[in-house]
Amino acid sequence: MYSEEQMSYFSSNLLDWYRTHKRDLPWRRSKNPYYIWISEVMLQQTRVDTVIPYFHRFVEQFPTVEALALAPEEDVLKAWEGLGYYSRARNLQSAVREVHERYGGVVPQEKAEISSLKGVGPYTSGAILSIAYNKPEPAVDGNVMRVLSRYFLIEEDIMKPATRVRMEKLAKQLIMEGTASEFNQALMELGAMVCTPRSPHCLTCPVMAHCSAREAGMEESLPIKKKAKPPRPELRAVALIEGTGEHEGKWLIRQRPQEGLLAKMWELPHVEWPSSEWPEDPVETMNSLRGLIAEQEQMTISPAAWFMDTEHVFSHIVWNMKVFRARLGDGGRLRDGGDWVPFHYRWVGSDELSQYAFPNVFIRIMKAWQERSHG
DNA sequence: AACTCGGGGGT
DNA sequence: ACCCCAGAGTT
């Protein structure tokens, strides 16, 4: 396929480069497969600098497989708060519980076994097996596909599963005997530090001499990647509900359903706006908000004033949000009778908020609220 | 193959 | 205003 010369040059030069240039990252200070596993899950779709503080806190709070297996799920979700893709945290704990119970707490070394764990896909299984156990398995992520597509000038769409499979075969062939752990990390390190998405630093690249894209002047136009669809807009009206009487000084929050977007996270009550744009008159918006909350939440509120606008961008949705301060109607009581209520509600004071895991957008709103009410 | 699932940093 | 990121699960 590719010349032996081009391949062996790549492997040996990349390895030499990595040994002298690798960053000192927290998860590189041990080969504990449990720590490697945590880091790899956190690093899915997330940058190194973002992950570092979360990794430190997480391994301190859950230092062993057993500690994580026995922890309450809500504690794990709280430790993940702000990192995003929260199913990663729930899948990780579920998988760690399986390792605890079925494998006696030892992360399995067989590809089939480790791949069967929740949240452990082709990349993560290869990364753990190679980095922690030095097994010659490929670990192909976005960095690796970018590097390989350039060095070997591969013009296939990296969004296609077939392209990743091809890259895995190639990446495996490139692993020299006994070097899997270092080589796979070297590939990713090159992608992160040198062979970057835009304006790659070819002049400092250890394998530039035989890089096919560089020779062809195509390093900036690879890899080929089909454009993602833009996120669909959603309007959402948020009720910032302040308690009265026995709930004075508290806010009303609710927990999201077990599955789906932001599963099991806590949030401020809000409704999707049934139209593609906001009314011009905020009074009309507040009246409609009261009606929607009454329909959907079986709860009467009195919206009092516009508080702020904000935006929250997901990969596939963008929430365009209007936040209103409000009080609870019906004498300030939650309806707790036989009516169907879709969410689990709770009154909490500002000192209790830290016990609950919130998506960042609601943390931003609540911070703005605190700053404005008692500066 | 297409969609779901967060959030932030780089340019 | 985009782009991308140490991806995996579901349909």
Enquirer: Nearest of B:dT4, B:dG9, C:dG7 to any side-chain atom of A:Y123?
Expert: C:dG7

Enquirer: A:M145 has an atom CE; how far is it from atom C1' of C:dC5, in whole Å?
Expert: 12 Å

Enquirer: Please report the distance, rounded to the nearest Å, between CD in A:E156 and C1' in B:dA1.
Expert: 16 Å

Enquirer: Nearest heavy atom decides the nucleotide; on that basis, is A:L261 or A:N360 closer to the 5' end of DNA chain B?
Expert: A:L261

Enquirer: Can you classify the ring geometry of A:Y2 versus A:F152 as parallel (below 30°), tilted (30 to 60°) or perpendicular (above 60°)?
Expert: tilted

Enquirer: Counting only side-chain N and O atoms of A:R146, is one of them less than 4.0 Å from OP1 or OP2 of C:dC5?
Expert: yes

Enquirer: Quick one: is B:dC5 close enough that its OP1 or OP2 comes under 4.0 Å of any side-chain N or O from A:H316?
Expert: yes

Enquirer: State which of B:dG10, C:dA6, B:dG6 makes the closest approach to the side chain of A:R198.
Expert: B:dG10

Enquirer: Can you tell me which nucleotide in B:dA1, C:dA6, B:dG7 comes closest to the side chain of A:P161?
Expert: B:dA1

Enquirer: When all nucleic acid strands are considered with a 4.0 Å heavy-atom cut-off, which category describes A:K160: base, sugar-phosphate, or nothing?
Expert: nothing

Enquirer: For A:R23, answer base if it contacts any base atom (sugar-phosphate contacts may also be present), sugar-phosphate if it contacts only those atoms, and nothing otherwise; contact means non-hydrogen atoms under 4.0 Å.
Expert: base

Enquirer: Report yes if at least one side-chain N or O of A:K226 is closer than 4.0 Å to OP1 or OP2 of B:dA2; otherwise report no.
Expert: yes

Enquirer: What integer distance in Å separates A:K22:NZ from C:dA6:P?
Expert: 19 Å

Enquirer: Under 4.0 Å, heavy atoms only, any strand: does A:V48 hit a base, just the sugar-phosphate, or nothing?
Expert: base

Enquirer: Atom CZ of A:R164 to atom C1' of C:dA8: distance rounded to whole Å?
Expert: 10 Å

Enquirer: Determine: side-chain N/O of A:H312 to OP1/OP2 of B:dG6, distance under 4.0 Å, yes or no.
Expert: no

Enquirer: Please report the C-alpha distance between A:R214 and A:Y151 in whole Å, then the side-chain angles of each, then the deciding distance to 0.1 Å, and finally whether the side chain to side chain donor-acceptor pair (under 3.5 Å) criterion is met.
Expert: CA-CA 8 Å; A:R214 173 76 182 178; A:Y151 185 80; over 6 Å; no

Enquirer: Rounded off to whole Å, could you give me the CG-to-C1' distance for the A:L129 and C:dA6 pair?
Expert: 15 Å

Enquirer: Given the ring of A:Y85, does A:R88 sit roughly above its face, with NZ or CZ under 6.0 Å from the centre of the six-membered ring and within 45° of the axis?
Expert: no

Enquirer: If we take the P atom in both B:dG6 and C:dT11, what is their distance in whole Å?
Expert: 16 Å

Enquirer: Cut-off 3.5 Å, side chains only: do A:T196 and A:R146 have a donor facing an acceptor?
Expert: no

Enquirer: Judged by atom type as modelled, is there a donor-acceptor pair below 3.5 Å linking the side chain of A:T163 to the main-chain atoms of A:D157?
Expert: yes

Enquirer: Among B:dG9, C:dC4, C:dA6, which nucleotide has an atom closest to any side-chain atom of A:T50?
Expert: B:dG9

Enquirer: Between A:E189 and A:K118, who's closer to the 5' end of DNA chain C by nearest nucleotide?
Expert: A:E189

Enquirer: Rounding to an integer number of angstrom, what distance separates B:dG7 and C:dT10 when you compare their C1' atoms?
Expert: 22 Å

Enquirer: Answer yes or no: does a side-chain N or O of A:T46 lie under 4.0 Å from OP1 or OP2 of B:dG6?
Expert: no

Enquirer: A:T124 near the nucleic acid: base, sugar-phosphate alone, or nothing, with a heavy-atom cut-off under 4.0 Å?
Expert: sugar-phosphate

Enquirer: Please confirm whether the shortest side-chain N or O distance from A:K229 to OP1 or OP2 of B:dA1 is below 4.0 Å.
Expert: no

Enquirer: Taking 4.0 Å as the cut-off, does a side-chain nitrogen or oxygen of A:R90 come that near to OP1 or OP2 on C:dG9?
Expert: no

Enquirer: Would you kindly give the CG-to-P distance between A:N184 and C:dG7, to the nearest whole Å?
Expert: 13 Å

Enquirer: Between atom CG in A:D157 and atom C1' in B:dA2, what is the gap in whole Å?
Expert: 13 Å

Enquirer: Is it the case that the side chain of A:Q255 and the backbone of A:H344 share a donor-acceptor pair, with hydrogens and angles ignored and the cut-off at 3.5 Å?
Expert: no

Enquirer: Distance check: side-chain N/O of A:Y86 vs OP1/OP2 of B:dG7, anything under 4.0 Å?
Expert: yes

Enquirer: Please classify the nucleic acid contact of A:W27 as base, sugar-phosphate, or nothing, using heavy-atom distances under 4.0 Å.
Expert: base

Enquirer: Students often get this wrong, so: under 4.0 angstrom with heavy atoms, is A:G260 touching a base, only sugar-phosphate, or nothing?
Expert: sugar-phosphate

Enquirer: Over all heavy atoms of both residues, which pair between A:P269 and A:Y345 is shortest? Give the atoms and the distance, please.
Expert: CG-CE2, 4.2 Å

Enquirer: In terms of the angle between their ring planes, are A:W80 and A:F58 parallel, tilted or perpendicular, with boundaries placed at 30° and 60°?
Expert: perpendicular

Enquirer: Is it true that A:E137 and A:S125 share a donor-acceptor pair across their side chains at a distance under 3.5 Å?
Expert: no

Enquirer: Taking Watson-Crick (N1-N3 plus N6-O4 or O6-N4) and G-U wobble (N1-O2, O6-N3), each under 3.5 Å, can you produce the dot-bracket string of DNA chain B? Use [ ] for crossing pairs and | for inter-strand ones.
Expert: |||||.|||||

Enquirer: Considering only atom C1', compute the distance from C:dC5 to B:dC5 and round it to an integer number of Å.
Expert: 15 Å

Enquirer: At under 4.0 Å between heavy atoms, what does A:L262 touch on the DNA or RNA strands: base, sugar-phosphate, or nothing?
Expert: sugar-phosphate

Enquirer: Looking for any heavy atom pair under 4.0 Å, which part of the strands does A:I158 touch: base, sugar-phosphate only, or nothing?
Expert: nothing

Enquirer: Just the rounded figure in Å: distance from P of C:dA1 to NZ of A:K227.
Expert: 17 Å

Enquirer: Please compare A:G119 and A:G191 by the position of their nearest nucleotide in DNA chain C and report the one closer to 5'.
Expert: A:G191

Enquirer: I'd like to know if A:R47 reaches the base of C:dC4 with its side chain, counting only an N/O donor and acceptor under 3.5 Å.
Expert: yes

Enquirer: Taking the P atom in each of B:dG10 and C:dA6, what is the distance between them to the nearest angstrom?
Expert: 13 Å

Enquirer: What residues form a side-chain contact (heavy atoms from CB on, under 4.5 Å) with A:H21, not counting sequence neighbours?
Expert: A:W17

Enquirer: Reckon A:Q44 has a side-chain N or O less than 4.0 Å from the OP1 or OP2 of C:dA6?
Expert: no

